[in-house]
Amino acid sequence: MAEPTDLRARAEQLDRVDPLADLRQRFVLPPGVYLDGNSLGPLPRAVPDRLERVVRHEWGQGLIGSWNSAGWFTLPLRVGDRIARRVGAPPGSVVAGDSTSVQLFNTLVAAARLRPGRRTLVSDVANFPTDGYVAGSVARLLGLDLVLVDPSEPLALARVLDGHLAVLTLSHVDYRTGVLHDMAAVTAAAHAAGGVVVWDLAHSAGALPVDLMGAEADFAVGCTYKYLDGGPGSPAFGFVHPRWHDVAEPPLTGWLGHATPFALEPEYRPAEGAARLRVGTPPVLSMAALDAALDVWDEVDIADVRAKSLALTDLFVEACQGLLEPFGVQVVVPREHARRGSQVCLRHPDAYPVVQALVERGVVGDFREPDLMRFGFTPLTLRHADVLDAVDVLADVLASQAWREPRFARRAAVT
Ligand SMILES: *Cc1c(COP(=O)(O)O)cnc(C)c1O
């Protein structure tokens with residue numbers, strides 16, 4: 001079974017003129033088709049050498065002196081500035097460190113403290129679990145009402161952006177449906193109601209153009225191990241708009257967010273700008289891996305990334321619609337480009353074993369409850385032809401019913 005030849009010809013033509021084609025060689029890629037770079041990006045070839053140097057030379061030889069001589073102390077800010085360029089933020093407004101969950105807690109409380117007396121913390125009813133759990137805890141801690149809406153319903157959202165709004169927090173791209181929200185329009189609506197906004201860029205940083213300053217976003221957080229390829233558990237990042245640089249009060253007042261950490265003063269005085277989002281001693285090894293991973297991004301025009309991402313998802317959708325619908329597979333993706341992230345989900349009642357059977361054949365996607373197979377499209381490493389190869393394998397797994405083997409039904413801890 002194979003897709004129509006005109007799709008194959010289109011994919012090959014797109015690969016011939018792809019301005020990002022050479023970047024693939026800068027990564028270590030397993031055989032098969034990796035469609036899970038939205039969960040964990042592949043290993044950039046520059047990373048192992050950098051880690052070797054940091055471990056053997058900076059740590060092994062330099063020891064404590066490396067905090068100064070190797071620039072370990074300022075690494076979270078320098079890496080933050082490099083991420084800032086990817087998300088439309090000025091130098092000094094982004095810091096790398098901690099996990100997305102921690103950055104979210106720190107920025108949500110800082111945001112709410114800018115709106116004393118207001119009552120509601122508004123979020124997405126279907127947000128990523130950590131975002132929902134953290135918002136719930138922040139609401140309880142500060143005595144706010146947590147209001148959950150479906151942000152893709154403009155009327156529902158407009159109804160809760162009222163005079164009670166303290167903070168609105170949303171994911172820029174929905175981790176499950178791939179819906180991309182209009183950051184500028186939603187931020188403007190929340191501002192008109194007098195609230196402040198915290199965006200989660202987990203599925204947009206490195207996947208598509210993000211313009212935090214253009215959208216007037218107040219705060220943002222994001223992952224670096226997804227589209228930015230920073231490695232397993234690589235540090236997250238936090239953004240504070242310059243208008244709040246002198247007034248934001250993050251609750252995690254660790255010593256490295258202090259204006260002068262080594263003065264060892266008894267009173268807390270926050271550092272300037274996003275540096276006040278620093279908490280404790282940074283994980284230098286994973287921060288260095290992330291720093292090396294970002295080298296590739298210096299050569300990338302994000303407009304090319306976006307154009308290729310849309311071409312890849314369009315191809316995948318067309319091939320799936322042609323080949324997979326007879327097997328009861330439903331394609332879940334916003335049709336309009338302006339509302340689409342860099343992923344496509346397929347709905348099927350046996351999504352879990354189908355994904356496991358696919359992985360065994362080298363096509364790696366993931367399963368998301370209750371019945372979704374999720375496929376992420378990373379333009380730095382994927383070829384258009386890879387996308388069609390993946391759909392062919394999927395069609396074969398479904399046609400042969402190979403996924404029915406009992407071993408594919410066993411659940412692992414991480415899905
Ligand atoms: C992946 C993801 C996270 C991850 O949070 P961690 O603290 O890094 O585990 C958070 N939010 C969203 C929306 C995500 O997609």
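Keep in mind that what you see is a predicted model, and the values were worked out from it rather than measured. Hydrogens, waters and symmetry mates are skipped; everything else that's a heavy atom, side chains included, is used. Whatever order the structure lists them in is the order used to number ligands and atoms, beginning at 1. We count residues from 1, following the sequence as given.
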Donor-acceptor pairs under 3.5 Å, side chain of residues 203-211 to any protein atom, not counting sequence neighbours: which ones?
residue: S204; atom: OG; partner: H172; partner atom: ND1; Å: 2.9
residue: D211; atom: OD1; partner: G214; partner atom: N; Å: 2.8

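More than 12 non-hydrogen atoms from other residues, nucleotides or ligands lie less than 6.0 angstrom from CG of L63. Crowding of R335 atom CZ: a count of heavy atoms from other residues, nucleotides or ligands under 6.0 Å not exceeding 12.
Protein residues lining ligand 1, listed by chain and number: S99, T100, S101, F128, T130, D131, S171, D200, A202, H203, C223, Y225, K226 [non-hydrogen atoms, distance under 4.0 Å].
A distance of 11.5 Å separates CZ of R276 from CG of N106, quoted to the nearest 0.5 Å. Distance CH2/W255 to CG/L264: 7.0 Å, rounded to 0.5 Å.
In this structure, F375 and F316 have tilted ring planes: the angle between them lies in the 30° to 60° band.
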